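Here is the structure we will look at.
In this text, all values refer to a predicted model and were calculated from it rather than measured experimentally. Numbered from 1 within each chain, the chains take letters A, B, ... in sequence-line order.
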Amino acid sequence: MSVDPKDPQLRIEKIIDSGSFTPLTERDESGMLAASGTISGTRVTLFATDATIQGGAMGEAGAHVILSAYADAMKHQNPIVGIWHSGGARLREGVKSLHAFGLVFNAITQASGKIPQLSLVLGPAAGGGAYGPALTDVIVLAPEGRIFVTGPDVVRSVTGESVDMARLGGPEPHGRRSGVVHVIAESDEDSFESIRRLVRLLGDQGEFTNTGSDLDLAQFLPDSNKRAYDVHPLIAGLLDEGSDRQELHPKWAPNIVTTLGRLNGRTVGVVANNPLRLGGCLDSSSAEKAARFVRMCDSFGVPLVVLVDVPGYLPGVGQEWDGVVRRGAKLLHAFSEAVVPRVTLITRKAYGGAYIAMNSRSLGATKVFAWPNAEVAVMGAVAAIRVLHRRILADLPDDQRAAMELELAAEHEKISGGVARAIEIGVVDEIIEPNLSRSAIASAIAAAPARRGAHSNIPL
Amino acid sequence: MIHTVRAEMVANVLEVSVAAGDRIAIGETLLLLESMKMEIPVLAEISGEVLEVAVAVGDVIQEGDPLVLIDEQARSASSQRGSNQS
């Protein structure tokens with residue numbers, strides 16, 4: 001006899017260590033199952049909708065199963081994993097089922113920031129089944145996972161838009177456009193492994209045990225200062241090789257990278273500008289993405305490493321109307337509020353308002369490092385002198401202008417730009433060599449008091 | 001399947017590295033743009049054949065403008081996990 005692949009116990013057992021399944025509730029008509037188990041030895045609480053009954057729709061009884069799972073996770077202060085495949089509320093139960101979903105939302109929110117909450121969406125998760133995961137810290141979406149408030153039929157009847165479930169709420173829209181999903185898995189197996197990785201990273205953060213070896217991180221930057229590059233290899237070089245690493249929101253707002261990984265054995269969260277995308281500019285989406293990541297790390301005591309190479313905020317009417325002021329403010333707030341050790345490394349440049357937002361000294365960074373050739377300034381030297389010396393430059397013949405610009409820029413850099421000036425002012429603490437950066441960052445984090453923010457992780 | 005690579009932001013086209021008919025691999029440079037006083041390469045996210053290059057050196061492009069049309073090949077079994085091409 002083969003087991004239905006939608007069987008909730010089967011799905012739970014695929015995630016946890018073999019033989020560790022311990023039921024917390026009975027297998028019954030509630031359409032929900034809760035259990036505890038271990039993942040690589042770390043205790044976790046799990047619940048799964050039973051998609052073999054009414055498509056996983058949830059009512060009062062199902063909600064109480066989730067509430068007992070939360071009670072268990074809170075009692076043991078361990079991570080909780082929700083496995084979703086649910087059409088939403090049980091229509092037959094009417095308002096009772098709406099009330100039931102509300103109770104679940106409340107329980108998730110009460111636990112927010114206290115225990116890591118991970119959601120795995122394996123099938124359609126509609127209505128309340130969408131907002132359950134949305135309130136948690138991380139959503140992993142399997143290939144057949146779909147997340148939406150109202151399904152294609154309702155959308156068509158109300159707005160006339162013809163769309164299928166995948167285009168409405170599948171991996172493509174949620175991975176790139178909406179930012180609803182943090183991790184897009186390539187297969188169910190891959191989605192289980194992502195959950196296991198996240199549980200290890202957040203639930204078993206480890207300590208700076210191994211000293212690790214330094215390597216020259218400057219090798220990951222191009223020779224030309226003006227050239228954009230992909231920051232991923234630099235992050236890979238910073239983090240421990242061969243250990244758990246999980247990027248969140250890789251395709252959404254790709255101009256900033258948010259990655260959990262290990263540095264000398266300990267979990268850290270990396271926030272890095274990615275010059276390859278939008279030149280690494282901050283914009284409304286990337287600021288929001290980073291802000292949520294920073295707050296999540298802070299609430300679980302995960303130290304932050306911030307890699308800065310940022311030309312500024314992305315200019316444009318679209319950005320202003322998109323609320324770059326409101327959404328950008330979230331990043332300023334998140335860093336200012338964070339009490340975990342948070343170390344900044346300016347690799348190349350940090351300009352203007354974006355410099356402030358990237359965990360600057362003024363926002364309370366634990367330590368601000370810079371590489372020897374880094375530049376901290378209000379804007380690039382050439383741009384600055386074009387403003388400051390507009391008249392002089394305009395009066396020059398065309399063939400002399402470029403030379404004059406270079407001369408003025410060099411002079412300007414001396415008084416306002418270079419890293420030496422930043423040290424003098426006190427906005428950079430120390431110049432470090434690229435080949436000693438790993439150990440310098442790890443030491444700075446280890447030396448700071450291990451603290452954890454006392455706040456929830458609202459889905460910004 | 002035909003993919004359109006679009007401009008992410010306002011930029012000048014500095015270099016065009018591919019032409020119609022070229023076969024390209026993931027990570028290959030398609031164009032070099034200039035924006036925010038930086039040189040920003042546009043890399044292929046898929047492999048396939050270039051059908052059309054919609055811009056020329058010196059063009060000023062706006063966000064959303066089509067840059068390159070690529071006919072995507074059937075996904076090979078070697079598609080790696082993760083997005084890093086390092």
Under 3.5 Å side-chain donor-acceptor pair for A:Asp188 and A:Ser191: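 Side chains of A:Asp188 and A:Ser191: no pair found under 3.5 Å.
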A:Arg386/A:Glu405 ion pair, N-O < 4.0 Å: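 A:Glu405 and A:Arg386: salt-bridged.
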From CG (A:Leu393) to CE (A:Met404), nearest 0.5 Å: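 The distance works out to 7.0 Å.
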Proximal component of B:Leu33, with respect to chain A [non-hydrogen, under 4.5 Å]: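 No part of B:Leu33 comes within 4.5 Å of chain A.
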Contact summary for A:Arg348 and A:Pro222, nearest pair of heavy atoms: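 Looking at all heavy atoms of both residues, the shortest contact is NH1-CG, 3.8 Å.
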Using non-hydrogen atoms only, which part of A:Leu314 is less than 4.5 Å away from chain B: side chain, backbone, both, or neither?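 It is the side chain, since no backbone atom gets that close.
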Which answer fits A:Pro275, side chain, backbone, both or neither, if we ask what part of it has an atom under 4.5 Å from a heavy atom of chain B?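 For A:Pro275, backbone and side chain are both near chain B.
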